[in-house]
Amino acid sequence: MDQEVRAGRGPVLPRGLVVRRLLERQQAGELATRHVRAVAETVGVSERTVWRWLEQAKTTGQVEAPVPQGYAVSDEVWALLGEVGGNVAELRRRLAAGIRFRRRRHCTG
């Protein structure tokens, strides 16, 4: 999904579209600072940001903004957190040491 960038009052432009157009100019040997400056002004970011977008696109092959990867807590980590009484520092130490939680036996009697 393209991240959309917007100038103050201007239209919304997909970042991918902007970067693709600049890369096309660059591959044709026609990219100039004035093009980057115009794009930066249009979408409301700094010139440095547009250059960074271009560098990221050349390095990764992706023209869209990277999607941040979140962290999902597994059931095992939740169980270990409960075992250490909610002590996050101890949880971190145990995870770093590779210590897993011990399975509790449920008494049915």
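Just so you know, these numbers use all the heavy atoms, side chains as well, and skip hydrogens, waters and symmetry mates.
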Hey, are the side chains of [X] and [Y] touching, using non-hydrogen atoms and a 4.5 Å cut-off?
X   : Y   : answer
V73 : L81 : no
R37 : V50 : no
W53 : V45 : yes

Hey, could you give me the [atom1]/[atom2] distance between [X] and [Y], rounded to the nearest 0.5 Å?
X   : Y   : atom1 : atom2 : value
R94 : N87 : CZ    : CG    : 9.0 Å
L80 : D75 : CG    : CG    : 12.5 Å
R15 : T49 : CZ    : OG1   : 9.0 Å

Q. Should we say atom CH2 of W78 is surrounded by more than 12 heavy atoms from elsewhere, each under 6.0 Å from it?
A.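 Check fails, neighbour count at 12 or below.
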Q.
To check you understand the geometry: which heavy-atom pair defines the closest contact between E47 and V36, and what is its length?
A.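 Shortest heavy-atom contact: O-CG1, 3.8 Å.
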**Q.** Partner set under side-chain hydrogen bond (donor to acceptor under 3.5 Å, both in side chains) for R21, not counting sequence neighbours
**A.**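 Applying side-chain hydrogen bond (donor to acceptor under 3.5 Å, both in side chains) to R21 gives none.
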Q) Do NZ/NE/NH1/NH2 and the carboxylate oxygens of E55 and R52 come within less than 4.0 Å? A)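 Result for this pair is no, no salt bridge flagged.
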Q: Look at E64 together with R20 and state whether they make a salt bridge at an N to O cut-off of under 4.0 Å.
A: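 Yes.
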Q: Under the side chain to side chain contact (heavy atoms under 4.5 Å, CB included) rule, what do Q56 and T59 come out as? Steps first, then yes or no, please.
A: CA-CA 5 Å; Q56 288 173 350; T59 303; 5.8 Å; no
Can I get a per-line list of side-chain donor-acceptor pairs under 3.5 Å for residues 26-33, giving both atom names and the distance, sequence neighbours left out?
none

